Amino acid sequence: MDTARTTTLVAVITRVGRRVLEIGVGMFALLGFAFVPLGKKTALEHVKAIVATGPAKEAGKELLEAGLKLRARVFHASPDAGAAPARPESLMCVETQEPRYTSAR
């Protein structure tokens, strides 16, 4: 084999080996998360207990509603797509003056 092919082969084997090692470390981390106790419960059981609380469920519902609204705004085109876009709602407490744009027309 010539040196270029050998160099390429070594680079590929090194990259694959690194990925296999990263996957192995990740699997051990997941096993530790799921099975190593932190006090009386594992980290997974702690997370499950936190998520089961009332405020967390309410936050989850609100997050889902916000996601659905965002999806509707992004993926549902308005019927008058050729018209000028509507001015978005202001997030400021005090309205400011309209910005003055100079037209290049």
Side-chain angles (χ1 to χ4, degrees):
M1 279 205 245
D2 61 341
T3 57
R5 291 182 86 185
T6 303
T7 305
T8 303
L9 183 60
V10 168
V12 168
I13 290 173
T14 302
R15 186 175 293 168
V16 169
R18 185 176 298 141
R19 296 296 179 245
V20 168
L21 186 63
E22 288 175 357
I23 290 171
V25 169
M27 293 300 292
F28 276 112
L30 286 174
L31 286 171
F33 182 78
F35 295 110
V36 175
L38 302 172
K40 295 181 180 180
K41 298 179 181 180
T42 66
L44 179 62
E45 291 169 335
H46 281 290
V47 169
K48 287 170 48 178
I50 291 169
V51 170
T53 63
K57 288 181 181 179
E58 184 179 339
K61 283 181 185 178
E62 291 175 3
L63 183 64
L64 179 64
E65 289 173 7
L68 292 174
K69 287 179 185 178
L70 178 63
R71 184 179 69 175
R73 286 181 63 184
V74 170
F75 292 113
H76 294 105
S78 63
D80 53 340
R87 182 175 176 209
E89 295 179 24
S90 175
L91 298 177
M92 298 179 65
C93 296
V94 179
E95 288 291 323
T96 59
Q97 291 182 342
E98 285 287 324
R100 296 183 182 159
Y101 297 106
T102 55
S103 178
R105 295 180 194 176

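Only heavy atoms go into these numbers, but all of them, side chains included; no hydrogens, no water, no symmetry mates. Quantities reported herein were computed from a predicted structural model and do not represent experimental measurements.
Hydrophobic clustering, with ILVMFWY side chains joined whenever heavy atoms are under 4.5 angstrom apart, keeps Leu38 apart from Phe33. No path of Ile, Leu, Val, Met, Phe, Trp and Tyr side chains, each step under 4.5 Å between heavy atoms, connects Leu21 with Met27, placing them in separate hydrophobic clusters.
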task = Walk me through it: do Arg19 and Glu22 pass the test side-chain contact (heavy atoms from CB on, under 4.5 Å)?
result = CA-CA 5 Å; Arg19 296 296 179 245; Glu22 288 175 357; 3.4 Å; yes
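Phe28 contributes atom CZ, which lies 13.5 Å from atom CD1 of Ile23 (distance to the nearest 0.5 angstrom). Interatomic distance, CD of Glu45 versus NZ of Lys40, reported as 12.5 Å (0.5 Å rounding). In this structure, Leu63 CG and Leu70 CG are separated by 10.5 Å, a value rounded to the nearest 0.5 Å.
Of all the heavy atoms in Ala49 and Lys41, the pair that sits closest is CB-NZ, 3.8 Å. The shortest heavy-atom contact between Ala56 and Ile50 is CB-O, 3.5 Å.
For the side chain to side chain contact (heavy atoms under 4.5 Å, CB included) criterion with Val10, the lone passing option out of Thr7, Ile13, Thr14 is Thr14.
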